[in-house]
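See structure below.
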Amino acid sequence: MNRINRTRAIAIGFASIIIIVSILIYSSYTRNVFMSNAKDSIEQTSFDVQTELNSQIKYAFSSIKLISFLSLQLMDGKELHVPEEKLEKLLINSPFDSCQYIRWDGISKIDYPNNIDKTDYSNANFFIDAKNGNTGMKTLLNQQGDDVMYQFYTPLIFRNQFSGVLVGTINGKRRFRKLLQTSLFGRHTDGFIIDKNMTVLSSSLSLLPSGTCLYDRKDEQFISTLLKNLENQNYNSWVYEEFGRDGIACITSLDYADMKCIQIATSKALGASMSALTNSTYILCFTIIISLMALIIICMQIIKKKSAYSETSLKNIIEAISSSFENVYDINLETGLIYIYRMSSMMKNSHGKVLSSEKYDTMIRQYSQNEVLPDDRYLFEPISTIEQTLQILNEQKEYSFIYRIKRENEIHFFECQLIRPEKKSRNFITTFKNMDKIIKTSMDDKQLQNVQEAMNCGRWMVNFDQNSKITEVKWSEKIVSLFGFQSNKAFPDTYDSWTSLIHPLDIEKTKKAFFNILSNNSTQQMLNITYRALTQQNGWKWFKSVGHLSRREDGTPFHFVGLTIDVDKEQRQKQNLIAIAKSYLSMHYIDLVNNIVNEISATPKIKEFVNREIDANTQMKTVMNNTIMPEFLSDALTFTELSTLPERMKGKRFITIDLNGKFNGWVRANFITVETDKEDRPTSVIFTTQIIPKKN
């Protein structure tokens with residue numbers, strides 16, 4: 001009995017030691033994973049803040065130029081005619097807190113809204129710079145050191161003569177500081193902006209108020225590390241030590257000003273999130289300890305060791321496929337101007353400089369010449385200019401092809417896709433999507449059956465003789481079932497088995513895409529076609545076929561292998577959304593978290609008042625002011641105020657209001673919930689308007 005007790009005690013003690021060591025190791029591992037994720041998250045947060053700040057500064061530059069242009073229309077000699085009243089109207093929709101007109105001799109004529117400043121600016125650097133014809137930006141720390149004024153200036157040239165300088169001022173505390181306050185893992189984070197002299201301009205940190213010079217604080221650990229990263233031009237995130245605990249920081253540069261933005265997740269914020277994660281880990285581990293001890297007591301003589309096996313390669317393959325990244329642009333067909341809708345961090349690191357042009361023609365040309373393999377550059381020729389692209393999209397709503405790039409001595413497959421939602425639409429979408437996993441899986445036999453089941457796709461293979469004649473076709477069992485057949489007897493291994501199912505409206509373009517690749521003069525090796533086929537049980541369905549052609553040394557086709565994928569759900573959803581949008585006067589998707597609006601459909605009258613460079617809430621107010629009758633405008637502005645919409649729609653699927661419009665008479669406006677947060681407040685909505693019968 002004593003021996004049993006001793007054995008039990010030894011077993012329990014040994015198990016306890018193993019479990020405690022495991023907890024320590026797992027806690028360390030969890031912390032490393034947490035810090036790695038925190039670094040990735042702060043980088044993404046910094047990129048988002050950088051993008052928003054760049055957008056605000058760019059918008060300010062555009063606004064000061066526009067106000068100066070409109071001011072010139074009011075010029076009489078070298079003076080503004082009734083400047084207070086006229087300038088006030090020009091500033092209604094501008095981003096500036098004040099605006100100043102400095103006449104040709106450097107004397108301040110108007111300082112709106114104060115209108116009392118008569119300072120002589122003739123020797124000021126910004127006045128001299130503007131007098132030389134330049135538009136620029138300068139920062140001015142106010143006397144209390146509370147925050148910085150960002151002043152945007154531009155010259156006024158009246159009748160080919162220098163008439164003066166227009167200056168628009170933004171208070172950084174009100175406009176920029178709120179952009180620096182973000183969250184990470186649900187915890188508050190801070191940020192600040194510095195100029196080239198390492199002086200803090202705007203800050204949400206009480207420890208670094210505006211006007212602080214970092215060189216004066218370099219004896220502090222965080223500031224010292226920050227200066228070191230700045231000197232090394234290292235704009236990635238890094239871990240710094242604060243009060244014996246780790247924090248995360250990241251530096252990004254602003255495109256339109258010689259300034260840098262630093263985002264910080266303090267050790268306090270990280271520690272709170274880490275503690276919550278650690279507590280959950282300990283609870284789980286102690287539960288396991290109790291369960292193991294009970295098992296040891298009950299089964300004292302049985303000690304089993306379990307081997308930890310890695311997850312199946314199938315899951316890894318599926319995760320790799322689902323993690324393909326995209327670069328998405330919204331492009332105006334009339335001007336060729338680009339709006340970046342989404343750019344992943346991987347794409348930004350690889351092609352950020354090439355893909356950041358504001359003009360479509362320049363972006364496509366640079367991307368093709370600098371990134372695409374020479375043999376595949378011809379694929380971009382049909383879309384190399386906005387005029388050629390317009391011609392293609394006038395004939396078809398979608399245009400896509402697969403090409404290759406070379407990065408770090410490896411070949412990668414990408415799909416370029418152009419989508420025009422409607423034939424009359426002035427904009428189209430361009431995407432660059434990584435296709436490595438789909439293409440490489442189609443050329444790899446290992447565990448292909450599992451991948452086919454997970455992706456709802458099947459493999460096919462075609463062989464050719466030296467005269468490019470088909471000698472063998474092989475359809476996988478998955479393809480046979482995708483088309484609704486029970487066996488290969490009903491769907492034999494022939495080319496005609498497939499083409500006989502293709503829709504009459506798609507058969508010609510599908511055959512053409514297939515046989516164009518087989519031409520001896522073609523250097524194209526990748527197939528990418530979308531078509532409809534008649535299935536046995538479900539009627540007409542949409543499919544996508546992608547494949548890779550291997551050639552002999554003499555250039556003749558030898559072996560074609562690929563995948564056919566069921567894309568019916570995605571295609572029908574796209575068509576349904578477009579069809580539904582046509583029944584409304586307008587339809588827009590609004591991201592309430594990021595204050596972004598994307599057009600699904602709209603009338604030309606509504607589009608006249610839309611400015612894609614400003615936020616969704618401001619756009620909504622502009623449209624309401626220009627399209628709704630004055631007696632209904634107050635109700636319209638209250639209904640469409642996006643800042644209060646989440647609370648007003650909490651727990652609701654939709655809200656509606658009837659309004660009298662200037663162009664279409666009575667209309668009904670609706671907000672429809674798309675996604676919600678944990679408290680059932682909408683984070684994204686659809687906004688629609690539709691014409692309703694005349695009201696009494």
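Scope of the values below: all heavy atoms of this structure, side chains included, with no hydrogens, waters or symmetry mates. A quick note: this is a predicted structure, and the numbers were derived from the prediction, not measured.
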**Request:** Kindly indicate, with the supporting measurements, whether the criterion side chain to side chain contact (heavy atoms under 4.5 Å, CB included) is fulfilled by Thr169 and Asp97.
**Result:** CA-CA 6 Å; Thr169 302; Asp97 299 300; 5.7 Å; no
**Message:** Between Ser384 and Gln388, does the side chain to side chain donor-acceptor pair (under 3.5 Å) criterion hold? Intermediate values first, please.
**Reply:** CA-CA 7 Å; Ser384 59; Gln388 291 174 296; 2.7 Å; yes
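- Less than 6.0 angstrom separates the ring centroid of Tyr360 from the ring centroid of Phe428.
- Under the 4.5 Å side-chain criterion, counting only non-hydrogen atoms from C-beta, Val165 is not in contact with Leu156.
- Here Ile264 contributes atom CD1 and Ser203 contributes atom OG; the two are 7.5 Å apart, rounded to the nearest 0.5 Å.
- Listed by chain and residue number, Asn516 satisfy the side-chain contact (heavy atoms from CB on, under 4.5 Å) test with Lys512 (two or more places apart in sequence, or in another chain).
- Within the model, atoms CE of Met259 and OG1 of Thr199 stand 12.5 Å from one another, a figure rounded to the nearest 0.5 Å.
- Within the 4.5 Å cutoff, no side-chain heavy atoms of Glu599 are placed close to those of Ile606.
- Side-chain N or O atoms of Ser63 include one that pairs as donor or acceptor with a backbone N or O of Tyr59 at under 3.5 Å.
- Residues Tyr101 and Ser68 have side chains not in contact (no heavy-atom distance under 4.5 Å, counting atoms from C-beta outward).
- Phe192 meets the ring-ring contact (aromatic ring centres under 6.0 Å, His included) test with no other residue; sequence neighbours excluded.
- The ring-ring contact (aromatic ring centres under 6.0 Å, His included) check on Phe127 picks up Phe162, with sequence neighbours excluded.
- Going from atom CD1 of Ile364 over to atom CD of Gln369 covers 11.5 Å, rounded to the nearest 0.5 Å.
- For Phe560 and Phe514, the distance between ring centers is under 6.0 angstrom.
- Contact of the Leu53 side chain with the Ile193 side chain is registered, since non-hydrogen atoms from C-beta on lie closer than 4.5 Å.
- Among residues two or more places apart in sequence or in another chain, the side-chain contact (heavy atoms from CB on, under 4.5 Å) test is passed with Ser94 by Ile67, Leu91, Phe96.
- With Leu642 as the partner, the side-chain contact (heavy atoms from CB on, under 4.5 Å) test is satisfied by one option alone out of Asp615, Thr618, Val597, Asn595: Asn595.
- In this structure, Gln619 contributes its side chain and Ile614 its backbone to a donor-acceptor pair below 3.5 Å.
- Checked against ring-ring contact (aromatic ring centres under 6.0 Å, His included), Phe126 has the following partners two or more places apart in sequence or in another chain: Tyr121, Tyr153.
- Remark: Tyr531 pairs with Trp498 by the ring-ring contact (aromatic ring centres under 6.0 Å, His included) rule, at least two apart or across chains.
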